[in-house]
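Nothing here was measured: the structure is a model prediction, and the numbers come from that model. To find a chain, count down the sequence lines: A is the first, B the second, and so on, and within it residues start at 1.
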2 protein chains.
Amino acid sequence: MFERVLIAEDHENTSLSVKRALIDLGVEDPKYVAYCDQALSWIRKGLNIAQPYDLFITDLSFVEDHTIQEITDGAALIKAVKEIQPELKILVFSAEGRPEVISSLIRDLGIDAYVRKARHDVQELRSAIESIAKGKTYFPIQIRQTTRENNSFAFTPYDTTIIRLLAQGAKQKEIPQYLKEHKIIPTGLSSLEKRLNLIRDVLGFSTNEQLIAYCKDFKII
Amino acid sequence: MFERVLIAEDHENTSLSVKRALIDLGVEDPKYVAYCDQALSWIRKGLNIAQPYDLFITDLSFVEDHTIQEITDGAALIKAVKEIQPELKILVFSAEGRPEVISSLIRDLGIDAYVRKARHDVQELRSAIESIAKGKTYFPIQIRQTTRENNSFAFTPYDTTIIRLLAQGAKQKEIPQYLKEHKIIPTGLSSLEKRLNLIRDVLGFSTNEQLIAYCKDFKII
DNA sequence: TTTTGCTTTACGGTTTCCCGTAAGGAAAGT
DNA sequence: ACTTTCCTTACGGGAAACCGTAAAGCAAAA
């Protein structure tokens, strides 16, 4: 079983349950922090004093409060952690249920396990921790299947720029002006229209409203 | 202190922490359910056998799973509970942070306490329970002050319906047809245009795209 | 240089949306 | 019965978006 475990979780009640589950599994003294920055700094400290953590359990969403943080969400935290201690095992424990989001954590950040906060999450948590301890991964069943059937569109930086502008209330005919000022090509209104048309077409959408909703759902903007 | 307490919470880990907090406060044997329908039926049963609950702690959001439920969210559950046992003390324990939502629970449903899942939620939970036991209410400070400075718009069911339709790709001129079929009034295209115009105006938006982005951000749809 | 192929832009017709005005229609008060 | 008020709907002009086509630009190959 793991020697040194760190929990990053902003809901105190959840952190207590996670801690208890770890103790039940034989983990000596699981540590707990409520802020992303603190998590990163503790992991760094663990490396410095040659007592690195061997398991990191983190939430995805952290509510902001009065203390200003560099890192404000779990995904960014994981990325930062991976940079200073790439081999550290990471388990994400979150209420997030969208397959795309979870898949992206697995694909892009290389997490080792995902447990969704749900009706039997404590049980799942134990299974996941035991899996990681054996060198395996642990993911929800739906995810293990559907990492491939990715009907999503490959948004270019150009795409996300114009979509973000629309979401901020810009009118299409105002956007070429912005593109010129920021030296983003193509700048023409026609190109922009054509591009939006293509995106909508590929994704099977009929309106810009629908596209914005989609991008918000999948955190593309 | 309370004699009979029921917890409705779909995250097992949270339910365990709440249960523990109650036991620490001297509650004999707090009961726990993970589904809304089950909560309602247990409360009904308590009344039938002349052992009514005297405190009900509930979450707001319940993730749907395979078991089909009549009631699918905490607000509806509270409403149903109030109908069969109006004097039952109700504490809402949720991650929801939007003041409008919390205010509406207090104003429209008459809840007795609200504790947000956060960095010191267990501590807060204890305080809230003790407050209710003394016949007082317990609400976050910002709520007690700012039921006024509400820069957000009060979306009606009508509003969310048409916005949801837009987000699903419906064209405005198609929506009146839908409204007629579903007997939602007003059905006219003009009313719809006027309403959207008002919403955008109040929120300071210039396009529908911006409105959709806002509604997604604040989980209005 | 010219040709070829691709991307970007310009332009016009059509549709949709926007928004003001005015006409209906129901409920409540006089 | 007659206003008054509020809400809903109808209509029309103008703006914006949509979409096809054609022209212009531009880079690599001939």
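- Counting to the nearest Å, the P atom of C/dC17 and the CD atom of A/Q210 are 13 Å from each other.
- Rounding to whole angstrom units, CG of residue B/L198 and C1' of D/dT8 are separated by 15 Å.
- Rounding to whole angstrom units, CD of residue B/E209 and C1' of C/dC17 are separated by 11 Å.
- Remark: side-chain polar atoms of B/T14 are not paired, donor with acceptor, to backbone N or O of B/D10 under 3.5 angstrom.
- Side-chain atoms of B/E96 and B/Y114 include no donor-acceptor pair closer than 3.5 Å.
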Can you tabulate the close N/O pairs, meaning under 3.5 Å, that link protein atoms to atoms of nucleotides 13-16 of chain D?
residue	atom	partner	partner atom	Å
D/dA16	OP2	A/K173	NZ	2.5

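- Residue pairs meeting the side chain to side chain donor-acceptor pair (under 3.5 Å) criterion with at least one partner in residues 55-64 of chain A, sequence neighbours excluded, are A/D59-A/K117.
- Within 4.0 Å of A/R195, counting heavy atoms only, lies no atom of the nucleic acid at all.
- Spacing between atom CG of A/L179 and atom P of C/dT9 amounts to 9 Å, rounded to whole angstrom units.
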Got a list of protein N/O to nucleotides 21-23 of chain D N/O distances below 3.5 Å?
residue	atom	partner	partner atom	Å
D/dT21	O4	A/K194	NZ	3.3

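- Environment of CD in A/Q168: crowded, with over 12 heavy atoms of neighbouring residues, nucleotides or ligands closer than 6.0 Å.
- Annotation: A/I68, atom CD1; neighbour count of heavy atoms from other residues, nucleotides and ligands within 6.0 Å does not exceed 12.
- Between B/L192 atom CG and D/dT9 atom C1' there is a gap of 12 Å when expressed in whole angstrom units.
- Residue B/E174 places its CD atom among more than 12 non-hydrogen atoms of other residues, nucleotides or ligands, all under 6.0 Å distant.
- Nearest approach of A/T187 to A/P176, heavy atoms of both residues: O-CB, 3.2 Å.
- Between D/dT9, C/dC18, D/dC19, one nucleotide has an atom nearer to the side chain of A/E193 than all others, and that is D/dC19.
- In terms of phosphate contacts, B/T187 brings a side-chain nitrogen or oxygen within less than 4.0 Å of OP1 or OP2 of D/dT9.
- Between the CD1 atom of B/I199 and the C1' atom of C/dC17 there is a distance of 16 Å, rounded to whole Å.
- Note: CD1 (A/I184) to P (C/dT8) measures 14 Å, nearest angstrom.
- Across the protein-nucleic acid pair, A/L189 atom CG and D/dA17 atom P stand 8 Å apart, rounded to whole Å.
- In this model, the phosphate group of D/dA17 is not approached by any side-chain N or O of A/N197 to a distance below 4.0 Å at OP1 or OP2.
- Residue B/R200 has a polar side-chain atom (N or O) positioned under 4.0 Å from OP1 or OP2 of C/dC19.
- For B/R200 and B/F205, the positive end is not near the middle of the six-membered ring at less than 6.0 Å and at most 45° from its axis.
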Item to complete: Test A/D37 against A/L40 for side-chain contact (heavy atoms from CB on, under 4.5 Å), laying out the working first.
Response: CA-CA 5 Å; A/D37 288 1; A/L40 186 62; 5.8 Å; no

